[in-house]
Asks: 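Dropping the structure in here first, questions after.
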Amino acid sequence: MATSYEIPLEQFPIEPAVAGALAWAATSGLTPDEEAIRQTLTGSALFAEELSSALLAALGLPGAT
C-alpha cells in the first residue's frame, strides 16, 4: 500500500507501528503475535478487509479470523 502512495517501503515506519500495536494489545490484556503483526503491516492483499482481519487476529482479539 505504501508503494501505491509513492512512499518507499524503507521509509515506512514499520518498527514504531509494530511497537505501538504490541503495546496497545498488551495494555488491552491480549496476547499479540509480533511476527504476524509485522507480516500484516508489510503484506499485501487484494482487499483491505483481508489485512484488517489478519491484523485483528495478530493482535490477539478473540474470535478474529
Asks: To the nearest 0.5 Å, what is the distance between OG1 (Thr31) and CG (Leu61)?
Replies: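 The OG1 atom of Thr31 sits 11.0 Å away from the CG atom of Leu61.
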Asks: Compare every heavy atom of Leu30 with every heavy atom of Leu59, then report the nearest pair and how far apart it is.
Replies: O-CB, 3.4 Å
Asks: Could you tell me if the side chain of Glu35 sits less than 4.5 Å from the side chain of Asp33, heavy atoms only?
Replies: yes
Asks: Considering residues at least two apart in sequence or located in another chain, which fulfil the side-chain hydrogen bond (donor to acceptor under 3.5 Å, both in side chains) criterion with Glu34?
Replies: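 Only Arg38 meet the side-chain hydrogen bond (donor to acceptor under 3.5 Å, both in side chains) criterion with Glu34.
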Asks: Over all heavy atoms of both residues, which pair between Thr40 and Leu51 is shortest? Give the atoms and the distance, please.
Replies: CG2-O, 3.3 Å
Asks: Apart from Phe47 itself, what residues make up its hydrophobic cluster when side-chain heavy atoms of I, L, V, M, F, W and Y under 4.5 Å apart count as a link, directly or indirectly?
Replies: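 Once heavy-atom contacts under 4.5 Å are chained together, Phe47 belongs with Leu46.
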Asks: Minimum heavy-atom separation for Leu41 to Ala17, with atom names?
Replies: CD1-CB, 3.9 Å
